[in-house]
Number of protein chains: 2
Amino acid sequence: MSTNLNAMHARLDLGALKTACAACNLREICLPAGLSPQEIDKLDHLVYVRRKIKRGEALYRAGTAFDAIYAVRSGFFKTRVTTQDGRDQVTGFSMAGEILGMDGISHDEYTCDAIALEDSEICTIPYSQLEKLSIEVPSLQRHFHKVMSREIVRENGVMMLLGVMRAEERLAAFLLNLSQRLSARGYSPLEFNLRMTREEIGSYLGMKLETVSRSFSKFQADGLIAVDQKYIRLQDIDGLREIYAHHTR
Amino acid sequence: MSTNLNAMHARLDLGALKTACAACNLREICLPAGLSPQEIDKLDHLVYVRRKIKRGEALYRAGTAFDAIYAVRSGFFKTRVTTQDGRDQVTGFSMAGEILGMDGISHDEYTCDAIALEDSEICTIPYSQLEKLSIEVPSLQRHFHKVMSREIVRENGVMMLLGVMRAEERLAAFLLNLSQRLSARGYSPLEFNLRMTREEIGSYLGMKLETVSRSFSKFQADGLIAVDQKYIRLQDIDGLREIYAHHTR
DNA sequence: TAGCGGTGTTGATGTGGATCAAACGCCGTT
DNA sequence: AACGGCGTTTGATCCACATCAACACCGCTA
């Protein structure tokens with residue numbers, strides 16, 4: 001558990017189990033966004049467990065008792081809901097700095113599964129303590145509300161995708177969204193490796209993996225992107241935007 | 001403004017502009033759910049504006065400044081998001097006791113339109129005051145979090161609808177959901193009048209109005225429901241459940 | 001009482017993407 | 001180096017739903 005040779009992050013914990021939002025380079029996009037150094041310090045006392053989740057493992061599963069929300073420290077997750085009969089819908093992909101588990105608040109149990117798509121690390125934020133601290137630190141309360149609200153807005157956007165857009169528009173929207181989020185984290189907005197399979201993309205976008213694959217091929221043929229397995233390079237981002245905006249027909 | 005001859009609710013305001021959650025028959029399903037009488041009393045000071053919205057009018061629109069959330073007192077709303085090019089997606093329908101406007105928190109402006117589908121009445125809950133009161137009344141904070149979380153979960157369900165279910169399954173899910181919510185409000189779960197058009201149902205469910213109409217006719221032919229324009233009677237609710245559960249194929 | 005616009009139903013036809021099927025590349029295993 | 005399995009690509013075919021079109025109905029207003 002304390003094999004903290006994970007080079008990139010070793011400086012952050014300095015041998016302590018306790019994490020340090022104050023020293024985390026995600027603090028501007030994660031839960032502490034907008035807090036003062038003093039306030040972040042308080043939050044640090046709350047986020048006391050960092051946990052590693054291996055690729056393929058669940059951070060939590062639908063039906064298990066809710067007691068914490070999670071911040072993705074590193075890695076990549078999908079969330080999905082499943083029906084009795086086993087069909088499932090990917091409801092989102094989460095990357096560093098994003099918050100997971102808010103679906104659990106409503107009924108004191110999680111309603112979806114959160115599965116790591118690569119070896120990942122998360123910070124545990126016990127909900128009861130978050131509630132308490134929100135009372136002491138109004139700006140934390142406000143920011144947490146914003147995080148939840150943002151999730152609502154994001155899901156509205158997905159409903160739009162699924163409800164009115166056609167296959168290629170959805171995929172263009174998906175790529176542009178990924179690009180933008182990677183960019184906000186200091187990565188290249190123009191080239192990246194997908195962490196999910198075609199099938200997972202399809203599930204998220206409400207289409208079959210074959211259609212995802214075909215659309216990728218089409219985009220490549222049209223010079224919009226270069227695809228090599230999971231590696232994607234956006235070659236004509238305006239072209240993609242045009243496809244995305246073009247839910248005119 | 002004070003033509004409070006609106007028979008059903010006149011007893012509630014007794015000539016005062018101030019609303020009274022304490023006396024509201026929706027208090028068990030609305031924002032005050034779970035609060036003690038003393039706490040509800042505090043909330044009452046906050047919910048000081050009740051407003052009437054006529055059928056077709058907007059409670060708020062995307063892009064306008066956010067400063068309050070709203071509780072539906074009576075009536076019926078749809079929320080929708082619209083793209084530049086005018087296509088829109090109905091993201092939800094709201095009835096008495098449900099909360100609107102939480103999408104506005106994230107970026108200090110509303111991101112969707114909330115349109116009354118019949119003459120309606122809403123309670124305004126200024127957000128800044130809700131924030132303050134949440135600090136004083138932890139159970140209010142908790143319940144508000146639950147309300148937001150429930151919205152996230154609801155939207156997950158819609159994503160499931162849109163992503164993996166076929167037309168008749170979606171419509172069955174829609175009817176069962178309406179039935180359940182009406183039932184929770186003391187109305188008959190077996191017969192009701194739709195407040196929205198076929199087109200609005202279709203937009204919500206990601207299908208065309210013709211398909212909605214055809215599916216209604218199919219259900220009727222199969223003896224599952226009786227349809228007479230907006231009037232719906234559920235005749236075989238288990239049959240509907242079977243269709244809904246049957247996203248096996 | 002007629003006319004009219006918004007809404008709903010139903011039929012005929014078209015099509016985007018699903019389904020079915022085959023083959024290939026990549027990767028870890030033996 | 002051969003093997004098997006998973007993920008992906010691509011082609012052929014199918015079908016659920018969209019689209020196009022005509023008409024019916026209902027509540028208005030005049």
Side-chain angles (χ1 to χ4, degrees), chain A residues 54-56 78 87-90 115 117-119 161-175 193-222 225-232 243 246-249, chain B residues 54-56 76 78 87 89-90 115 117-119 161-175 193-222 225-232 243 246-249:
Chain A
K54 281 208 166 326
R55 175 195 170 109
K78 69 173 174 185
R87 304 245 273 161
D88 59 41
Q89 167 75 26
V90 170
I115 310 287
L117 296 184
E118 60 181 348
D119 292 357
L161 277 191
L162 294 172
V164 315
M165 291 169 66
R166 49 197 45 249
E168 289 178 16
E169 293 163 4
R170 296 179 198 190
L171 191 60
F174 171 74
L175 290 174
N193 281 290
L194 298 174
R195 297 288 129 102
M196 70 295 278
T197 65
R198 302 291 190 261
E199 185 168 26
E200 287 162 337
I201 297 172
S203 171
Y204 180 60
L205 298 178
M207 52 209 250
K208 294 286 134 175
L209 70 95
E210 294 94 327
T211 307
V212 174
S213 180
R214 276 183 240 275
S215 300
F216 272 134
S217 300
K218 176 71 162 27
F219 285 175
Q220 182 160 45
D222 294 350
I225 65 176
V227 186
D228 178 13
Q229 298 288 112
K230 305 257 178 183
Y231 170 82
I232 304 284
I243 287 180
H246 206 286
H247 18 150
T248 328
R249 52 184 319 282
Chain B
K54 282 208 166 324
R55 174 194 172 110
F76 206 87
K78 69 173 175 184
R87 306 244 272 162
Q89 167 75 25
V90 170
I115 310 288
L117 295 184
E118 60 182 346
D119 292 358
L161 278 191
L162 294 173
V164 316
M165 291 169 67
R166 48 195 48 249
E168 290 180 15
E169 293 163 2
R170 295 179 200 190
L171 191 61
F174 171 74
L175 290 174
N193 281 290
L194 299 174
R195 297 289 130 104
M196 70 294 280
T197 65
R198 303 290 191 261
E199 185 169 26
E200 288 161 337
I201 296 172
S203 172
Y204 181 60
L205 298 178
M207 53 209 249
K208 294 287 136 175
L209 68 94
E210 293 95 327
T211 307
V212 174
S213 180
R214 277 183 240 273
S215 301
F216 272 134
S217 301
K218 176 72 162 27
F219 286 175
Q220 182 160 46
D222 294 350
I225 64 176
V227 186
D228 178 13
Q229 298 289 112
K230 305 254 178 186
Y231 170 83
I232 304 284
I243 287 179
H246 207 286
H247 15 150
T248 326
R249 44 180 329 276

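Each chain gets a letter, A, B and so on, in the order its sequence line appears, and its residues count up from 1. All of these numbers come straight from a predicted model, not from anything done at the bench.
Other residues, nucleotides and ligands contribute more than 12 heavy atoms inside 6.0 Å of the CD atom of Glu118(A).
When rounded to the nearest whole Å, the span between NZ of Lys218(A) and C1' of dG16(C) equals 13 Å. Put simply, CG on Asn193(B) is 12 Å from P on dG8(C), counting in whole angstrom units. In this entry the distance linking CE of Met165(A) with C1' of dA18(D) reads 18 Å, nearest Å. We find that OH of Tyr231(A) is positioned 19 Å from C1' of dT8(D), with the value rounded to whole Å. Atom CZ in Arg198(B) sits roughly 12 Å away from atom P in dT7(C) (whole-Å rounding). Counting to the nearest Å, the P atom of dG16(C) and the CG atom of Leu205(A) are 19 Å from each other. Per the geometry, CD1 belonging to Ile201(B) stands 14 Å off C1' belonging to dT9(C), to the nearest Å. The distance between atom NZ of Lys208(B) and atom C1' of dT10(C), rounded to the nearest whole Å, is 18 Å.
Look at Ser213(B) and you'll find a side-chain N or O under 4.0 angstrom from OP1 or OP2 of dT9(C). A sub-4.0 Å separation between OP1 or OP2 of dG8(C) and a side-chain N or O of Lys230(B) is present.
Scanning both residues, Gln89(B) and Gly163(A), for their nearest heavy atoms gives OE1-CA, 3.3 Å. Contact record, Ile243(A) with Glu168(A): CG2-O, 3.7 Å, taken as the closest heavy-atom pair. Contact between Val90(A) and Ser203(A) at its shortest, heavy atoms only, is N-OG, 2.8 Å. For the residue pair Lys230(A) and Met196(A), the shortest heavy atom distance occurs at NZ-O, 3.2 Å. Shown here for Arg87(A) and Val164(B), the closest heavy-atom pair between the two residues is NH2-O, 2.8 Å.
Side chain of Glu210(B), nearest nucleotide from dT10(C), dG11(D), dG17(C): dT10(C). The Thr197(A) side chain lies nearest to dG7(D) when the options are dT19(D), dG7(D), dT10(D).
Backbone-only contact: Gly206(A) has heavy atoms under 4.0 Å from sugar-phosphate atoms and none from a base.
When the nearest nucleotides of DNA chain C are assigned to Val212(B) and Val212(A) by heavy-atom distance, the more 5′-ward of the two goes with Val212(B). When each of Gln229(A) and Glu168(A) is assigned the nucleotide of DNA chain C bearing its nearest heavy atom, the one mapping closer to the 5' terminus is Glu168(A).
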Under 3.5 Å, N/O pairs linking protein and nucleotides 4-6 of chain C:
none

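With hydrogens and angles ignored, a donor-acceptor pair under 3.5 angstrom links the side chain of Arg214(B) to the base of dG11(C).
Between Leu162(A) and Arg170(A) the shortest side-chain heavy-atom distance falls below 4.5 Å.
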